[in-house]
Amino acid sequence: MMMRVRQEGDDPLKVALLGSGIVGTQVAKLILDHGDDFAARIGRPLELVGIAVRDLTRPRDGLPTELFTDDAEALVARPGTDVVIELIGGIEPAKQLILSAIDHGASVVTANKALLAAHGDEIFDAAERAGVDVYYEAAVAGAIPIVRPLRESLVGDSIRMVMGIVNGTTNYILDKMTTEQTDYETALVQAQDLGYAEADPTADVEGFDAAAKAALLASLAFHTRVNGDQVHTEGITRIVQDDIRAAREVGCVVKLVAIANQLDDSQISVRVHPALIPLGHPLAAVSGAYNAIFVEADAAGRLMFLGPGAGGAPTASAVTGDLVTVARNRARGVAGPNQTIYNNLTVADMGAVQTRYFLRLRVVDEPGVLAAIATILARHGISVQTVLQTPASDTASRTAASAELSLMTHMAIESNLLACLSELKANPSVRSEVRFLRVEGM
Ligand code: NDP
Ligand code: HSE
């Protein structure tokens, strides 16, 4: 039999919800459907006092109509509100509403990575001064617990690297392009229909959503404030079926990865870009809208976190997890641990990054060309690990006797690689653009 810790006469903790879209609707349902369990876990009942939306005429999936308001400002300013859950998204009005909630003494739960990656310092500082919580587990990788593991469970360790797939929409698209040869546009529409994409899917496909998450992960892992605009960001819009095919030929898949790692005592690198991942690597098997994050720490070694990275119900699980935790703190009159930002590591320029590269180019198919290409690479300190040469597939190029070269390099410095690419492009034996993708996890 379940034990109830709730005492007769305990005042409910008042919860205001901002937003009832894909995530907000599921959060409202969980709060309303699991009230007794939440009360037992918190030690006080919760009362959902209002839900702010933009358009009051839209159908609301069976949620009580009397809870809805289109006046979000009045809802957050309501006296006695204990927790405000922000699920509107975007920068404004979300930022002013969160600051107003903090100003009125409420703790905050949010899934808004775009806002925290741009203005986290202002929001966390305001919360610290007010002695309230700002929790944001759902802002990174949907249902996967990763924010609190980094902030609390691993806070006694030294993290060296965090690498993962942190955007469900782009993983869904790349997976469909790889396994079903679905074209990019069709896969994007499917991801939107399934509720994975941001209101403006440019944030997903151009890598900005993953960059915001990478900034939050790097800030936690390296105790250094990292903003989204410090993250080197490339999306998946330039990936074509030919890249996926070529990757398969060398035993890899293409994934959008976010990587934050320590370069030396004073520098970290934080980047988001498509990369070739070897088929044997656990990240290669992460399918659909699933996310996965590797953490490498001095004492713990390698950890992997895996689960649904987007969608209403999975994200609502992370939001309500935060809600219960924040409400427990509230019931005991305490605030939980804040971010511990005490390091001032520099985010290195992308040129300083070292990784492996996969180059693909079409060249004149005649003696000496391969040697000339290898010489250019060598001049820039880039050593080739493997070369694959195939006759160019289209008829026009065959007549002109050209061949496709696929080269996998050993570790190289990005700035050297870029200088090498310029030289390759200018070489008369090179008959196409030189496509390059970074290779991770080898
Ligand atoms: P939706 O676009 O589905 O929902 C947004 C909600 O906010 C809607 O109910 C909308 O009202 C309301 N809203 C928008 N502007 C205002 C305003 N000015 N005043 C009051 N209400 C407003 O977004 P999601 O649920 O997908 O995302 C919410 C947050 O969760 C975002 O920060 C997103 O990045 C994050 N997130 C989303 C995930 C997902 O899989 N969808 C996963 C992880 C995080 P109306 O209904 O009237 O239009
Ligand atoms: N649009 C985001 C994604 C939602 O696709 O991962 C989860 O943050």
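Atoms within a ligand are numbered from 1 in the order they appear, just like the ligands themselves. FYI, side chains are in, hydrogens and waters are out, and symmetry mates aren't considered; it's all heavy atoms of this structure.
- In the candidate list Leu115, Leu97, Ile88, Asn112, Ile88 is nearest to atom 22 (C) of ligand 1, counting heavy atoms.
- A donor-acceptor pair is defined here as one N or O able to donate and one able to accept, closer than 3.5 Å; no such pair exists between the side chain of Thr25 and the backbone of Ile22.
- Interface atoms of ligand 1 facing Ala310, defined by a heavy-atom separation under 4.0 Å, are 40 (O).
- Taking atom 5 (O) of ligand 2 as the reference point, the nearest protein heavy-atom neighbour is Thr169 OG1, 2.6 Å.
- Numbered from 1 in the order shown, with element, the atoms of ligand 1 that lie under 4.0 Å from a heavy atom of Val23 read 25 (O), 37 (C), 38 (C), 39 (C), 41 (N).
- Looking at Ser266 and Thr346, their side chains never bring a donor and an acceptor atom within 3.5 Å of each other.
- Near Asp204, with a cut-off below 4.0 Å to any heavy atom, the atoms of ligand 2 are 1 (N), 2 (C), 3 (C), 5 (O).
- Residue Pro93 has no nitrogen or oxygen atom sitting less than 3.5 Å from a nitrogen or oxygen atom of ligand 1, judged on distance alone.
- Residue, atom and distance of the protein heavy atom nearest to atom 32 (O) of ligand 1 are Gly89 CA, 3.2 Å.
- Atom numbering of ligand 2 starts at 1 in the shown order; those under 4.0 Å from a heavy atom of Lys213 are 2 (C), 3 (C), 6 (O), 7 (C), 8 (O).
- For the 3.5 Å distance criterion, the side chains of Asp193 and Gln190 fail to qualify, holding no donor opposite an acceptor.
- Summary of contacts: the protein heavy atom closest to atom 10 (C) of ligand 1 is Arg54 NH2, 3.9 Å.
- Under a 4.0 Å criterion applied to the non-hydrogen atoms of Tyr196, ligand 2 contributes the atoms 1 (N), 2 (C), 3 (C), 4 (C), 5 (O).
- Relative orientation of the Phe436 and Tyr357 rings is tilted, given thresholds of 30° and 60° on the angle between their planes.
- The nearest protein atom to atom 8 (O) of ligand 2, hydrogens excluded, is given as Lys113 NZ, 2.6 Å; this is a heavy-atom distance.
- Each of the atoms 1 (N), 2 (C), 4 (C) of ligand 2 lies under 4.0 Å from some heavy atom of Glu198.
- Not less than 6.0 angstrom separates the ring centroid of Phe222 from the ring centroid of Tyr342.
- Donor-acceptor pairing under 3.5 Å is lacking for the side chains of Asn112 and Thr110.
- Taking atom 42 (C) of ligand 1 as the reference point, the nearest protein heavy-atom neighbour is Thr315 OG1, 3.1 Å.
- Considering backbone and side-chain N/O atoms, Asp209 never comes within less than 3.5 Å of an N/O atom of ligand 1.
- At least one protein heavy atom sits closer than 4.0 Å to atom 48 (O) of ligand 1.
- Not a single heavy atom of Gly142 sits under 4.0 Å from any atom of ligand 2.
- A heavy-atom distance below 4.5 Å is not found between the side chains of Ser20 and Arg54.
- Atoms of ligand 2 found under 4.0 Å from any heavy atom of Gly309 (numbered from 1 in listed order, with element): 6 (O), 7 (C).
- Contact annotation: the side chain of Ser219 approaches that of Ile341 to within less than 4.5 Å [non-hydrogen atoms, C-beta and beyond].
- Proximity of Asp209 to ligand 2, defined as any heavy-atom pair under 4.0 Å, is confined to the side chain (atoms from C-beta onward).
- Judged purely by distance below 3.5 Å, without hydrogens or angles, the side chains of Thr355 and Glu440 pair a donor atom with an acceptor atom.
- Inside a 4.0 Å radius of atom 3 (O) of ligand 1 there is at least one protein heavy atom.
- In terms of protein heavy-atom proximity, atom 36 (N) of ligand 1 is closest to Lys113 NZ, 3.5 Å.
- Close approach to Asn167 involves these atoms of ligand 2, each under 4.0 Å from a residue heavy atom: 2 (C), 3 (C), 5 (O), 6 (O).
- Here Ala111 has heavy atoms under 4.0 Å from ligand 1 in both its backbone and its side chain.
- The shortest side-chain heavy-atom distance between Ile159 and Glu296 does not fall under the 4.5 Å cut-off.
- Contacts with ligand 1 closer than 4.0 Å are made by heavy atoms of both the backbone and the side chain of Ile22.
- Asp175 places a side-chain N or O within 3.5 Å of a backbone atom of Gly288 that can act as its donor or acceptor partner.
- Below 30°, between 30° and 60°, or above 60°: for His273 and His232 the angle between ring planes is above 60°, a perpendicular geometry.
- Neither side chain, Thr178 nor Arg248, offers a donor N or O lying under 3.5 Å from an acceptor on the other.
- Of the inter-residue distances, the one linking His34 atom NE2 with Arg41 atom CZ reads 8.0 Å to the nearest 0.5 angstrom.
- Taking every non-hydrogen atom of Ser20 and a distance limit under 4.0 Å, the qualifying atoms of ligand 1 come out as 6 (C), 8 (C), 9 (O).
- Aromatic ring centroids of Phe294 and His281 lie under 6.0 Å apart.
- For Thr69 and Asp71, the side-chain atoms include no donor-acceptor pair closer than 3.5 Å.
- Within the 4.0 Å heavy-atom criterion, the part of Arg60 lying near ligand 1 is the side chain and not the backbone.
- Here the straight-line distance linking atom CG of Leu405 with atom CG of Leu361 works out to 5.0 Å at 0.5 Å rounding.
- Among the atoms of Gly168, some N or O lies under 3.5 angstrom from an N or O of ligand 2.
- Screening Asp133, Thr325, Val319 against Val109 for a side-chain contact (heavy atoms from CB on, under 4.5 Å) leaves a single residue, Val319.
- Although no hydrogens or angles enter the test, the distance criterion places a donor-acceptor pair under 3.5 Å between the side chain of Asp157 and the main chain of Ala300.
- In this structure, the protein non-hydrogen atom closest to atom 33 (C) of ligand 1 is Glu198 OE1, 3.5 Å.
- The nearest non-hydrogen atom to atom 45 (P) of ligand 1, considering only Arg58, Glu92, Gln26, comes from Arg58.
- Below 4.0 Å from some heavy atom of Gly311 lie the following atoms of ligand 1, by number and element: 39 (C), 40 (O).
- Between Gly312 and ligand 1, no pair of N/O atoms sits closer than 3.5 Å.
- Contacts with ligand 1 closer than 4.0 Å are made by backbone heavy atoms (N, CA, C, O) of Ala138 only, the side chain lying farther away.
- Listed by number with element, the atoms of ligand 1 under 4.0 angstrom from any heavy atom of Gly195 are 39 (C), 40 (O), 41 (N).
- What sits closest to atom 28 (C) of ligand 1 on the protein, heavy atoms only, is Leu87 O, 3.4 Å.
- On a distance-only criterion, Asn291 and ligand 2 share no N/O pair closer than 3.5 Å.
- Shown in contact with Gly19 at under 4.0 Å from a heavy atom are these atoms of ligand 1, numbered in order with element: 6 (C), 7 (O), 9 (O), 12 (C).
- The side-chain hydrogen bond (donor to acceptor under 3.5 Å, both in side chains) search around Tyr135 returns none, not counting sequence neighbours.
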